[in-house]
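Here is the naming used below: chain letters follow the sequence lines, and residue numbers restart at 1 for every chain.
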2 protein chains.
Amino acid sequence: MHKQDVTIYDVAREAKVSMATVSRVVNGNSNVRKETRERVMEVIKRLHYQPNAVAQGLASKRTTTVGLVVPDLTNLYFAELSKGIDDIAHLYKYNIIITSIENQLVNENQTIQSLLNKQVDGVIYMSNDLSDSTIEAFDRTNTPVVLAGTVDSRGKYPSVTIDYDEATLDVFGQLYQDGKHHLAWVVGDTESSVNRDHRIKAYREFCQEKGMEPHIYGHKTNYHDGYELYADLAKDGIDGVVVTRDLVACGILNAALDAGKSVPDDFEIITASATPMAQVARPSLTCVKQPLYDMGAVAMRLLTKLMNNEDIDEQEIKLPYELMRKATTLNK
Amino acid sequence: MHKQDVTIYDVAREAKVSMATVSRVVNGNSNVRKETRERVMEVIKRLHYQPNAVAQGLASKRTTTVGLVVPDLTNLYFAELSKGIDDIAHLYKYNIIITSIENQLVNENQTIQSLLNKQVDGVIYMSNDLSDSTIEAFDRTNTPVVLAGTVDSRGKYPSVTIDYDEATLDVFGQLYQDGKHHLAWVVGDTESSVNRDHRIKAYREFCQEKGMEPHIYGHKTNYHDGYELYADLAKDGIDGVVVTRDLVACGILNAALDAGKSVPDDFEIITASATPMAQVARPSLTCVKQPLYDMGAVAMRLLTKLMNNEDIDEQEIKLPYELMRKATTLNK
DNA sequence: AGAAAAAGTGCAAACGCTCGCAAAAATAGC
DNA sequence: GCTATTTTTGCGAGCGTTTGCACTTTTTCT
């Protein structure tokens, strides 16, 4: 609003040094005599001086701010990822500008451009499918980008994920081994590259190998979608499903129970991304436990390196996941 | 990193106008001749000019950024609030810097000061209990603050909530009416002002009036806390609980069921803040449905007014809630 | 003690934009 | 056609920092 009350200039005058010296003290530059530093610090404290980060950003071209691009904050999957990111960001003194993309009110390019205009030092992208124009915008500004919990088919940016192919084979293998041979994938976005290029693809190959017909139910994103989908699954004779979102899995589970089906004896369910929701459902959901917090943390750490122009050793980091056998599958 | 490639100056030169005129075009100032505007816009597009928001912020003293202070991103309660905030923020072209406070690694004052140093135009505070020093920092920088889903005992800042006193009486009234007379409050933070000054206080008065002994179980924040608490509740002869967090409520519910208790016949549960989790649990949880999205949206709208120095009519906005009678309480 | 090296400090030009003011151009009024 | 208005433009001084460079002061080494 109005002019800042106390600036670096005031501190300089009061401490009888130049602005440059105050700046050095503020930034912890070691080339300052101890007595000078103490004098300046005393004045800073006395005057309640706080550096203006905007001016710092303009002068230094670094804002110590990173952008987070996320489809939906209220999805625990992204919330957990974000928490890992946030903790590491704090550690390295970065602030986080969060931008949710699902918001149809504005278009993605515009939103990301506005993020870039804020001169963020880096971006962690958790949404699906970078558009070409978004990539151009990143290129133009030379902003480092890391993908967390998602991949891009171009392989242009480093990513932190789990091995989706392996996880897919694991879960369907489990169902198959349990004697369920009419399996289905229930996914949210069929066009995201994680789903299209990994989960669905690996599933199709698995089906082919086992001589089963693949069943894919797309665009299921909330509890009710799941609840209502169950009727279709029953009609199609499905006896085992893997579900990308556990909220949807809960819907299916409850619908199956309400329909008098016996889970896991007649019908098995596995969710491919466990959140606390999975442990709440009864019977508790067998799930792939992705190390979401760690994925976020690793992604952020990676980004700090990129922002410092350090070398990174791996471009595609895959963290270990855990298949937690709970009560919606038979005990092995 | 390096110098910005194309600046307002380049556009000005190319379009044969002054920087001032380009600035006017960029900011939609109407005092520009149509032909001039078009010429400038053409150059902007051709050169891929994007205004540097940091420089704009320094020059104009407005960053079009607001700070969000939140205890925990992975708590759906805050996530839903944030979504409401985010949508309205987008609408008004504000970006959001999110700061989670629970993070014990750094202290709250420092975190908030760093937010303020970024020159945010306003803050939405969703955590509990502003500290005096935090308030001083807000005052010093003259930053408007709105509370969402929380209150401050000083009543210094506008807030958007539901009527916690009324909601408390509602839920305990319901349990009492159902014939449950050994009631308990299971809360997270017993010292937050919402809990201390409203929920617990109203509950104590209710107990006094009905001649019941109040039971308060504090510091219960996750599923396991809830699950394990059940044993104590049973021992203490409790036959009806209200729980602030539904994740905890789910823990209690499942423990009760596992213990062979009949819900709701012998034991009733109500959760005081419903999230999608409540509908997943079986039997589905009776809950107070707070209009979280709307609370966030209203809070953000309020903040935009404050940031524009507009008058606001109400200091404490209370939105209507709904008591949803589901399956963990007797049908009326 | 004197020279060389190292450490500490100041100067002032950026950084990219906004905005009050004054000047110029366009329009209106008669 | 000539003023009086109104609309468009340009000028340039900030906004609050950082940082390369040059200049002092202090320390180190013979």
Side-chain angles (χ1 to χ4, degrees), chain A residues 1-41 43-44 47-65 114 116-119 121 141, chain B residues 1-41 43-44 47-65 114 116-121 141-142:
Chain A
M1 290 299 152
H2 55 12
K3 249 172 89 158
Q4 188 164 323
D5 42 351
V6 25
T7 73
I8 201 172
Y9 181 77
D10 299 313
V11 177
R13 183 165 30 71
E14 197 78 4
K16 301 194 196 313
V17 295
S18 69
M19 282 164 33
T21 299
V22 178
S23 173
R24 291 190 188 97
V25 171
V26 167
N27 293 296
N29 185 314
S30 61
N31 280 4
V32 181
R33 195 150 44 111
K34 195 171 168 227
E35 304 141 47
T36 313
R37 175 190 312 283
E38 281 165 358
R39 185 152 38 93
V40 171
M41 299 239 275
V43 175
I44 286 178
L47 263 43
H48 288 295
Y49 168 72
Q50 291 290 341
N52 180 324
V54 174
Q56 289 181 313
L58 183 59
S60 69
K61 329 237 99 234
R62 311 185 78 244
T63 55
T64 58
T65 304
S114 122
L116 260 18
N117 291 350
K118 295 258 155 117
Q119 310 294 111
D121 296 334
T141 53
Chain B
M1 291 295 152
H2 54 11
K3 247 172 90 160
Q4 186 165 326
D5 43 351
V6 25
T7 72
I8 199 171
Y9 181 76
D10 300 312
V11 176
R13 183 164 30 70
E14 197 77 4
K16 301 193 194 316
V17 295
S18 69
M19 283 165 28
T21 299
V22 179
S23 173
R24 289 189 189 100
V25 171
V26 168
N27 293 296
N29 185 315
S30 61
N31 279 3
V32 180
R33 196 151 43 116
K34 195 172 169 221
E35 304 141 47
T36 313
R37 174 189 313 282
E38 282 165 357
R39 183 152 39 93
V40 171
M41 299 237 276
V43 175
I44 286 179
L47 264 42
H48 287 295
Y49 168 72
Q50 291 289 342
N52 180 323
V54 174
Q56 288 180 313
L58 183 59
S60 69
K61 329 240 99 228
R62 312 187 79 245
T63 55
T64 58
T65 303
S114 121
L116 259 18
N117 290 351
K118 296 258 154 120
Q119 311 293 111
V120 291
D121 297 335
T141 54
N142 223 314

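Axis deviation across the helix from dA1(C)-dT30(D) to dC30(C)-dG1(D) amounts to 20°, comparing end segments of five pairs, rounded to 10 degrees.
Straight-line distance from the CZ atom of Arg39(A) to the C1' atom of dG10(C): 13 Å, rounded to whole Å. Atom NZ of Lys34(B) is separated from atom C1' of dA26(C) by 17 Å (rounded to the nearest Å). Taking atom NZ of Lys118(A) as the reference point, atom P of dG16(C) lies 18 Å away to the nearest angstrom. Atom CD of Gln56(A) and atom C1' of dA14(C) are 16 Å apart (whole Å). Regarding Asn52(B), its CG atom lies at a distance of 13 Å from the C1' atom of dT18(C), rounded to whole Å.
Heavy-atom nearest nucleotides on DNA chain D were determined for Thr36(B) and for Ile8(A), and the one closer to the 5' end corresponds to Thr36(B).
Within residues 18-27 of chain A, the residues that have a heavy atom under 4.0 Å from DNA chain C are, in order of number, Ser18(A), Ala20(A), Thr21(A), Arg24(A).
Using a 4.0 Å heavy-atom distance criterion, Lys16(B) is classed as a sugar-phosphate-only contact. Nucleic acid contact for Asn31(A): base, since at least one base atom lies under 4.0 Å from a heavy atom of the residue.
Contact annotation: Ser60(B) side-chain N/O to dC15(D) OP1/OP2 distance is not under 4.0 Å. Residue Tyr9(A) has no polar side-chain atom (N or O) positioned under 4.0 Å from OP1 or OP2 of dA12(C). A sub-4.0 Å separation between OP1 or OP2 of dG16(C) and a side-chain N or O of Lys61(A) is present.
Side-chain contact, Thr64(A) with Lys118(B): a donor N or O sits under 3.5 Å from an acceptor N or O.
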